[in-house]
There are 2 protein chains.
Amino acid sequence: MTSERFTEVRGHPLFKNISDGSFEALARGAYVQNFPPHTELISEGEAADFLHIVLSGSVELFCSWESRETTMATVWPVSAFILAATIRDRPYLMSGRTLGKTRIMLVPSQDVRAVFESDSEFAKAIVAELANFYRASIKNTKNLKLRTSKERLANYLIKCSRREENCLVFELQYEKRRLASYLGMTPENLSRSFNALKPFGVQVDGQKVRLEDLEKLIAFAKPTDLIDGYE
Amino acid sequence: MTSERFTEVRGHPLFKNISDGSFEALARGAYVQNFPPHTELISEGEAADFLHIVLSGSVELFCSWESRETTMATVWPVSAFILAATIRDRPYLMSGRTLGKTRIMLVPSQDVRAVFESDSEFAKAIVAELANFYRASIKNTKNLKLRTSKERLANYLIKCSRREENCLVFELQYEKRRLASYLGMTPENLSRSFNALKPFGVQVDGQKVRLEDLEKLIAFAKPTDLIDGYE
DNA sequence: GGTGGCTCTTGATAAACGTCAAGCAAGTGA
DNA sequence: TCACTTGCTTGACGTTTATCAAGAGCCACC
């Protein structure tokens, strides 16, 4: 029975409240594929033929222009990406590549748009998802325009700590060069920024980070929910 | 008859396809207000009590952090702003102030959410609107992260020209200091950037801009729909 | 017809950030 | 085990951008 396929995504906000019929309509044309590390899944400018959902592994969304490249986001399970392009039937604005070995569920865009038309619960879920994405993007812009690179790094580290219940020791989730690009700086500058945060109790060894004086770091970084809060 | 009120917004994408009943439900609690120039309409962090729609004049959306401030966007008639906060019932992420004398239609957020629940055409229109906002925000991030300030200015000027059917003479729509902030630089740097674009045929006198060699400017700016296109 | 306030511009200087080059450490595979 | 690769770091240097200060032009308002 088809409705028992893809149970791992059934709990995702996009699908939680939709009817079994709608879910099956989406599942019918969908399939799961395994990708090796560093595989480019989509390229900016292409037509948005499939909605992508990361089941395991992770995907880096990045953009290029004139031989420059920047990391826009990293997508972890279970999350959909390029929803906006899919629903509007527009070309991708970002490219995506796998980081590690990654399982992706691919749902044909026309099916997504069809169910979106017929199932108002699905439409509502998409509104919530898009509004969250939009707000996250606005926060990202604020972060970029209002803060220096040191401040962005400091706030990023605090965010990492918050995510793990204020744990003061944690591992960076991906390579420093990618982190640098995500934060809008060069790897060299990230390295120097880590050094510049030593007076605020930031200790780095490889991927491992220790925040020895969170108070002091917060006093420097001045995080706010209006930039650093989760949506 | 209430449905004859607010006819000026009936053609807006958000309301074009909704039922008369839905429109009246929105119109019932809505009202129009006139604001003088430089009036702060909303402040970031506040609860999103009303959906705002600019009927005439214009509104600057801006953000602040630690005594720094940056312009995020300018809203022209007829457009809604802070839709995402309204629909998600979250605090505003941006502040808004009138530029000139401005007429605003205010729709109680709870009414927007109620009609959103009951009218699937309205929900669909909101999806389209949010997806466009999101994609515009992604483009803005790409612009900021991938380009220098000179390149951003050059592409902005080309965009202005495009908007007026490739007219080579046009007026800047708002003060240079606001433009500078929007483009992510200081007024001083904007002034110098204009000078730096002289070799590409950019002539500025007050608010008036002349592009004397569009080819050359385009060759420098390298615009692309994936950053500079309208949604 | 000033006078104050504002924006814009320009110059000098400083800070932030990027680029280039070299070297180190860890991991990989023959 | 030994190259070989890859990512990270550091130093030197250059570019980009911000800051501070001063002055010019413009407009509104007495």
Side-chain angles (χ1 to χ4, degrees), chain A residues 36-38 60 62 65-71 74 97 99-101 143-157 171-199 202-209 220-221, chain B residues 36-38 60 65-71 97 99-101 143-157 171-199 202-209 220-221:
Chain A
H38 311 298
E60 177 190 19
F62 64 98
W65 181 76
E66 292 297 312
S67 85
R68 297 171 215 169
E69 186 183 304
T70 189
T71 298
T74 308
R97 66 166 80 94
L99 290 177
K101 204 163 160 291
N143 197 28
L144 285 169
K145 288 182 83 176
L146 291 169
R147 287 174 173 161
T148 65
S149 58
K150 246 170 278 180
E151 289 165 343
R152 291 198 295 276
L153 175 59
N155 279 292
Y156 177 82
L157 296 176
E171 304 252 319
L172 295 174
Q173 293 179 327
Y174 41 75
E175 296 159 284
K176 289 198 184 124
R177 55 199 295 274
R178 264 174 250 282
L179 175 58
S181 180
Y182 172 67
L183 292 174
M185 57 179 122
T186 58
E188 294 94 327
N189 194 14
L190 176 65
S191 198
R192 285 184 248 267
S193 294
F194 268 122
N195 282 329
L197 292 181
K198 269 182 191 163
V202 176
Q203 295 290 335
V204 197
D205 178 28
Q207 298 295 103
K208 199 156 78 187
V209 177
F220 169 75
Chain B
H38 312 298
E60 176 190 20
W65 181 78
E66 292 297 313
S67 84
R68 295 169 216 171
E69 184 183 306
T70 189
T71 299
R97 68 165 78 94
L99 290 178
K101 203 163 160 291
N143 197 29
L144 284 169
K145 290 182 82 175
L146 291 168
R147 287 176 173 158
T148 65
S149 59
K150 244 170 281 179
E151 288 165 344
R152 292 198 294 276
L153 174 59
N155 278 292
Y156 175 82
L157 296 176
E171 302 253 318
L172 296 174
Q173 293 180 326
Y174 40 75
E175 294 159 284
K176 290 200 182 118
R177 55 197 297 270
R178 264 174 251 283
L179 175 59
S181 180
Y182 172 68
L183 292 174
M185 57 178 124
T186 58
E188 294 95 325
N189 194 16
L190 176 65
S191 198
R192 285 184 248 269
S193 294
F194 268 122
N195 282 328
L197 292 181
K198 269 183 190 162
V202 175
Q203 295 290 335
V204 197
D205 179 27
Q207 298 294 102
K208 199 157 77 186
V209 177
F220 168 75

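So you know, we letter chains A, B, ... as the sequences are listed, proteins then strands, and number each from 1.
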Heavy-atom contacts under 4.0 Å between residues 179-190 of chain B and DNA chain C, which residues?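 Per residue number, the list reads B:Glu188.
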Would you compute the distance between atom NZ of A:Lys101 and atom NE2 of A:His38 and round it to the nearest 0.5 angstrom?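 Result: 13.5 Å between the selected atoms.
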Between CG on residue B:Leu190 and OH on residue B:Tyr156, distance to nearest 0.5 Å: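 That separation rounds to 10.0 Å.
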Please report, rounded to the nearest Å, how far the [atom2] atom of [N] is from the [atom1] atom of [X].
{"X": "B:Arg68", "N": "D:dA18", "atom1": "CZ", "atom2": "P", "result": "12 Å"}
{"X": "B:Lys150", "N": "D:dT16", "atom1": "NZ", "atom2": "C1'", "result": "8 Å"}
{"X": "A:Tyr174", "N": "D:dG7", "atom1": "OH", "atom2": "P", "result": "16 Å"}
{"X": "A:Asp205", "N": "D:dT9", "atom1": "CG", "atom2": "C1'", "result": "13 Å"}
{"X": "A:His38", "N": "D:dT6", "atom1": "NE2", "atom2": "C1'", "result": "11 Å"}
{"X": "A:Glu175", "N": "D:dT6", "atom1": "CD", "atom2": "P", "result": "12 Å"}

Terminal contacting nucleotides, 5' and 3', DNA chain C versus chain B (heavy atom, 4.0 Å):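 Range of nucleotides touched by chain B: C:dT7 to C:dA12.
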Give the minimum heavy-atom separation between B:Leu153 and B:Phe194, together with the two atoms involved.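 Between these two residues, the closest heavy atoms are CD2-N, 3.7 Å.
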Does A:Lys176 make a side-chain N or O approach to OP1 or OP2 of D:dT9 shorter than 4.0 Å?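 Yes, within the criterion.
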Measuring to OP1 and OP2 of D:dT10, would you say a side-chain N or O of A:Asn195 lies under 4.0 angstrom away?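 Yes, A:Asn195 has a side-chain N/O under 4.0 Å of OP1/OP2 on D:dT10.
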Results of ring-ring contact (aromatic ring centres under 6.0 Å, His included) for B:Phe220 - residues two or more places apart only: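 With neighbours one apart ignored, the set is B:Phe200.
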Could you walk me through whether A:Leu197 and A:Leu157 pass side chain to side chain contact (heavy atoms under 4.5 Å, CB included), step by step? CA-CA 11 Å; A:Leu197 292 181; A:Leu157 296 176; 4.2 Å; yes
Examine the base of D:dT19 for any acceptor or donor lying under 3.5 Å from a partner atom in the side chain of B:Arg192, and report the outcome as yes or no.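 Yes, a donor-acceptor pair under 3.5 Å.
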Side chain of A:Ser193, backbone of A:Asn189: donor and acceptor closer than 3.5 Å?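 Checking the backbone N and O of A:Asn189 against the side chain of A:Ser193, a donor-acceptor pair under 3.5 Å is found.
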Could you run down the sub-3.5 Å N/O contacts of the protein with nucleotides 27-30 of chain D?
none

Apply salt bridge (charged side-chain N to carboxylate O under 4.0 Å, His left out) to B:Glu151 and list each qualifying residue two or more places apart in sequence or on a separate chain.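 With sequence neighbours excluded, B:Glu151 shows a salt bridge (charged side-chain N to carboxylate O under 4.0 Å, His left out) to A:Arg68, given in chain and number order.
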A:Glu69: partners by salt bridge (charged side-chain N to carboxylate O under 4.0 Å, His left out), with sequence neighbours left out: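 A:Glu69 satisfies salt bridge (charged side-chain N to carboxylate O under 4.0 Å, His left out) with A:Arg97 once adjacent residues are dropped.
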Angle between terminal axes - the helix from C:dG1-D:dC30 to C:dA30-D:dT1, 5 pairs each end, rounded to 10°: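 One end axis against the other gives 30°.
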Counting only pairs under 3.5 Å, give me each side-chain donor-acceptor contact of residues 173-184 of chain A, with atom names and distances, residues two or more places apart or in other chains.
{"from": "A:Glu175", "atom 1": "OE1", "to": "A:Arg178", "atom 2": "NE", "distance (Å)": "2.6"}
{"from": "A:Glu175", "atom 1": "OE1", "to": "A:Arg178", "atom 2": "NH2", "distance (Å)": "2.4"}
{"from": "A:Lys176", "atom 1": "NZ", "to": "A:Gly206", "atom 2": "O", "distance (Å)": "2.9"}
{"from": "A:Arg178", "atom 1": "NH1", "to": "A:Glu60", "atom 2": "OE1", "distance (Å)": "2.9"}
{"from": "A:Ser181", "atom 1": "OG", "to": "A:Thr71", "atom 2": "N", "distance (Å)": "2.7"}
{"from": "A:Ser181", "atom 1": "OG", "to": "A:Thr71", "atom 2": "OG1", "distance (Å)": "3.3"}

Just to verify, what does B:Asn143 make a side-chain contact (heavy atoms from CB on, under 4.5 Å) with, not counting sequence neighbours?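 Expected list: B:Arg147, B:Arg152, B:Ile227.
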Checking B:Lys198 now: which residues fulfil side-chain contact (heavy atoms from CB on, under 4.5 Å) with it, not counting sequence neighbours?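 Once residues adjacent in sequence are excluded, the partners of B:Lys198 under the side-chain contact (heavy atoms from CB on, under 4.5 Å) criterion are B:Asn195.
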A:Thr70: side chain to side chain donor-acceptor pair (under 3.5 Å) partners, not counting sequence neighbours: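 A:Thr70 satisfies side chain to side chain donor-acceptor pair (under 3.5 Å) with B:Lys145 once adjacent residues are dropped.
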